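Down below is the structure, laid out as structure tokens.
These numbers come from a predicted model, not from an experiment. Each residue takes its place number in the sequence, starting with 1. Computed over heavy atoms, backbone and side chain alike; hydrogens, waters and symmetry mates excluded.
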Amino acid sequence: MKKVCVITSIHSPYDGRIYHKQCKSLKRAGYDVVLIAPKPEVAESEDIPLIPFKRPSGVKERLRSLFHLYKLAKKTKADLYHFHDPELMLVGVMIEVFLKKPVIYDVHEHYPNTIMGREYIPSLIKVPMKLGYILTEKLALMKISGVIYTTEEIGLRYRHYHGCKIENYPLKEMFPEPSNEKDENQIIYLGGITKIRGVLQLIEGFAKAVEKTPAAKLLFLGSFESEHFKDEVHQLIDRLEINQNVTFISRVPYEQISAYVNRSAIGILPYLPYPNHLVALPNKLFEYMAASNAIISSNFPHYSKVIEDSEGGVVINPENPEEISVKIHQLLSQPAQTKELGQNARRAFELKYNWTCEEKKLLKFYRSLLNM
């Protein structure tokens, strides 16, 4: 039995991609899996042994924590190490150099584009930060054994390395059957509530749709990026007088997400055209498909490709509230068409866009690194 040590310094230990998909898949395949992750407030699962640590706060503390994480990783005496955050590149290199064990860098996003899209990063330092990341990554990948990435667009950055494209598709067991108990008036927005994900434009467009379809409901399932933005969103809702139509539910355990998505008729993904959004594919898109939601999505080329392939929804210009309003009204006023779109999306999930397909690629990649 080969032992695997998975490390994250930022994500929840019960992250969908890390814990519920990759770690559990590895365990089912016969690997001895241990996870190093920030200590959770509440234990949600004990399927995978967890080595918790206190999440660092300041910059100096985060730097010191890297050496602490290396020591924790070393103690596991694993045969392979798999890390998930850019700041752990130094830890990955140390493992390769000192422990002589293969290491995987799991790239969740196009990080240079992510840096350029962060509004809280001062404009003057964005380019230096981006160039610093590119240089650091290039040096680290000279030592690191393998790279996992999502989407072909992100994979272009790693075409000269030993890599594997593994998408963050939903688990079939989370969505075992299409839901027949839909609220025909409910739209769901799933994930972090941030300005760059088009939340303000969505609310403005939804308010216009409510004028034509007063029974419309909009459910946000996720956490706000900041208290300041939370206040801004609620002030907008108050001004538009749609308080009775909008509901907010903060983060819930991963296994409970499907219950909320299943009850909704429409899933919306109004991300704005920031650099990372133009190359990454959010897993929310596929969770909507799994729950047989009709989809309203930003009209980016790689989003549109999935929508067209599945025939499961419509696309919008996310910067245009009027266009958002038109598509919302269109789907809410035509429940039969909306149901058909949802059924098409569900069919595409069952055939193609599910974790079972990606699990096979993950296990094959592991075997290549372990010479199995």
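- In this structure, Arg118 contributes its side chain and Ile115 its backbone to no donor-acceptor pair below 3.5 Å.
- Ring planes of His11 and His84: perpendicular class, angle over 60° (limits at 30 and 60°).
- A distance below 6.0 Å separates the ring centres of Phe83 and Tyr105.
- To the nearest 0.5 Å, atom CE of residue Met289 and atom CG of residue Asn354 are 10.0 Å apart.
- Two residues are said to be in side-chain contact when any heavy atoms from C-beta on lie closer than 4.5 Å; Tyr31 and Leu370 meet this criterion.
- With Lys101 contributing its side chain and Tyr81 its backbone, the two residues share no donor-acceptor pair below 3.5 Å.
- Residues His234 and Phe248 place their aromatic rings such that the two centres sit under 6.0 Å apart.
- A heavy-atom distance below 4.5 Å is found between the side chains of Lys24 and Arg28.
- Of the charged side-chain nitrogens involved, at least one lies within less than 4.0 Å of a carboxylate oxygen, so that Glu358 and Lys361 count as a salt-bridged pair.
- Both Tyr288 and Val252 belong to a common hydrophobic cluster when Ile, Leu, Val, Met, Phe, Trp and Tyr are linked at side-chain heavy-atom distances under 4.5 angstrom.
- Scanning all heavy atoms of the two residues, the minimum distance from Pro128 to Leu124 falls at CD-O, 3.6 Å.
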Practice task
Check the pair Arg251 / Ser12 against side chain to side chain contact (heavy atoms under 4.5 Å, CB included), numbers first and verdict last.
Solution key: CA-CA 11 Å; Arg251 184 183 179 276; Ser12 159; 3.6 Å; yes
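- Using modelled atom types, one finds a donor on one side chain and an acceptor on the other under 3.5 Å when comparing Ser45 with Tyr19.
- Using a 4.5 Å heavy-atom cutoff, the side chains of Val34 and Ile48 are not in contact.
- You'll find the side chain of Asn185 stays beyond 4.5 Å of the side chain of Thr213, heavy atoms only.
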Practice task
Show your reasoning for whether side chain to side chain contact (heavy atoms under 4.5 Å, CB included) applies to Lys172 and Trp355.
Solution key: CA-CA 7 Å; Lys172 278 189 170 182; Trp355 177 250; over 6 Å; no
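- With a 4.5 Å cut-off on side-chain heavy atoms, Thr194 and Val199 do not count as touching.
- Remark: Asp32 does not engage Lys27 in a salt bridge, criterion side-chain N to carboxylate O under 4.0 Å.
- The pair Glu311-Arg347 does not meet the salt-bridge criterion, since no charged nitrogen lies less than 4.0 angstrom from a carboxylate oxygen.
- The side-chain heavy atoms of Ser297 and Ile316, taken from C-beta on, include no pair separated by under 4.5 Å.
- A donor-acceptor pair shorter than 3.5 Å cannot be found between the side chains of Glu323 and Asn317.
- Of all the heavy atoms in Gln201 and Pro321, the pair that sits closest is O-CB, 3.9 Å.
- Under 3.5 Å, the side chains of Tyr158 and Glu137 contain a donor-acceptor pair of N or O atoms.
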Practice task
Begin with the C-alpha distance, continue with both residues' side-chain angles, and end with the deciding distance and a verdict on side chain to side chain contact (heavy atoms under 4.5 Å, CB included) for Thr338 and Ile266.
Solution key: CA-CA 8 Å; Thr338 300; Ile266 301 167; 3.9 Å; yes
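- For Phe67, the CZ atom is loosely surrounded, since the number of other residues' heavy atoms within 6.0 Å does not exceed 12.
- Summarising the geometry of Glu61 relative to Pro56, their closest heavy-atom pair is OE2-CA, 3.5 Å, with the distance given to 0.1 Å.
- With salt bridges taken as basic N to acidic carboxylate O contacts below 4.0 Å, one links Lys217 and Asp183.
- With His162 contributing its side chain and Ser145 its backbone, the two residues share no donor-acceptor pair below 3.5 Å.
- The structure places CG of Leu236 at 5.5 Å from CD1 of Ile203, a figure rounded to the nearest 0.5 Å.
- With salt bridges taken as basic N to acidic carboxylate O contacts below 4.0 Å, one links Lys195 and Glu232.
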Exercise for the section: Determine, step by step, whether His110 and Tyr149 satisfy the ring-ring contact (aromatic ring centres under 6.0 Å, His included) criterion, reporting the C-alpha distance in whole Å, the side-chain angles of both residues, the deciding distance to 0.1 Å, and the verdict. Expected result: CA-CA 9 Å; His110 190 297; Tyr149 55 86; over 10 Å; no
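- No hydrogens or angles considered: nothing links the side chains of Asn293 and Ser264 as a donor-acceptor pair under 3.5 Å.
- Note: Tyr353 and Tyr169 have perpendicular aromatic rings, judged against thresholds of 30 and 60 degrees for the angle between ring planes.
- No continuous path of ILVMFWY side-chain contacts below 4.5 Å connects Met116 to Ile134, so the two sit in separate hydrophobic clusters.
- Within 6.0 Å of atom NZ in Lys126, more than 12 heavy atoms from other residues, nucleotides or ligands are found, so the atom counts as buried in its surroundings.
- Counting heavy atoms from C-beta on, the side chains of Glu359 and Ile166 never come closer than 4.5 Å.
- What you find for Ala216 and Asn245 is that their closest heavy atoms are O-ND2, 2.8 Å.
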Exercise for the section: Could you go through the side chain to side chain contact (heavy atoms under 4.5 Å, CB included) check for Ile268 and Leu190 one step at a time? Expected result: CA-CA 8 Å; Ile268 194 158; Leu190 183 61; over 6 Å; no
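- Note on ring orientation: taking the six-membered ring where Trp is involved, the planes of Tyr189 and Phe220 are tilted (angle from 30° to 60°).
- Counting all heavy atoms, side chain and backbone alike, Tyr303 lies closest to Leu269 at CE2-CD2, 3.6 Å.
- With respect to the salt-bridge test (charged N to carboxylate O, under 4.0 angstrom), the residues Asp309 and Lys352 qualify.
- In this structure, the side chain of Glu167 engages the main chain of Thr151 through a donor-acceptor pair within 3.5 Å.
- Atoms CD and CG, from Glu255 and Leu171 in turn, are 9.5 Å apart once rounded to the nearest 0.5 Å.
- Linking ILVMFWY residues whenever their side-chain heavy atoms come closer than 4.5 Å, directly or via other members, places Leu66 and Ile95 in the same cluster.
- In the displayed structure, Lys165 atom NZ is contacted under 6.0 Å by more than 12 heavy atoms of other residues, nucleotides or ligands.
- Asn113 places a side-chain N or O within 3.5 Å of a backbone atom of Pro275 that can act as its donor or acceptor partner.
- Interatomic distance, NZ of Lys327 versus CG of Asn320, reported as 11.5 Å (0.5 Å rounding).
- Ile257 contributes atom CD1, which lies 8.0 Å from atom NZ of Lys284 (distance to the nearest 0.5 angstrom).
- Taking each heavy atom of Ser325 and Gly205 in turn, the nearest pair found is CB-O, 3.2 Å.
- At a threshold of 4.5 Å between non-hydrogen side-chain atoms, the residues Val103 and Leu80 do not count as touching.
- Checked by atom type and distance alone, the side chain of Arg346 never pairs as donor or acceptor with a backbone atom of Ala291 at under 3.5 Å.
- When the shell of 6.0 Å around NZ of Lys339 is examined, it contains 12 or fewer heavy atoms from other residues, nucleotides or ligands.
- In summary, Lys100 and Glu96 do not engage in a salt bridge, as defined by a charged side-chain N under 4.0 Å from a carboxylate O.
- Under the 4.5 Å side-chain heavy-atom criterion for Ile, Leu, Val, Met, Phe, Trp and Tyr, Tyr274 and Val107 are members of distinct hydrophobic clusters.
- Under the 6.0 Å cut-off for aromatic ring centres, Phe300 and Tyr271 do not qualify, their centroids lying 6.0 Å or more apart.
- Salt bridge present: Arg62 and Glu87 bring a charged side-chain N and a carboxylate O closer than 4.0 Å.
- At a threshold of 4.5 Å between side-chain heavy atoms, the hydrophobic network of Ile, Leu, Val, Met, Phe, Trp and Tyr places Met89 and Phe98 in one connected group.
- No donor-acceptor pair closer than 3.5 Å links the side chain of His82 to the backbone N or O of Asp106.
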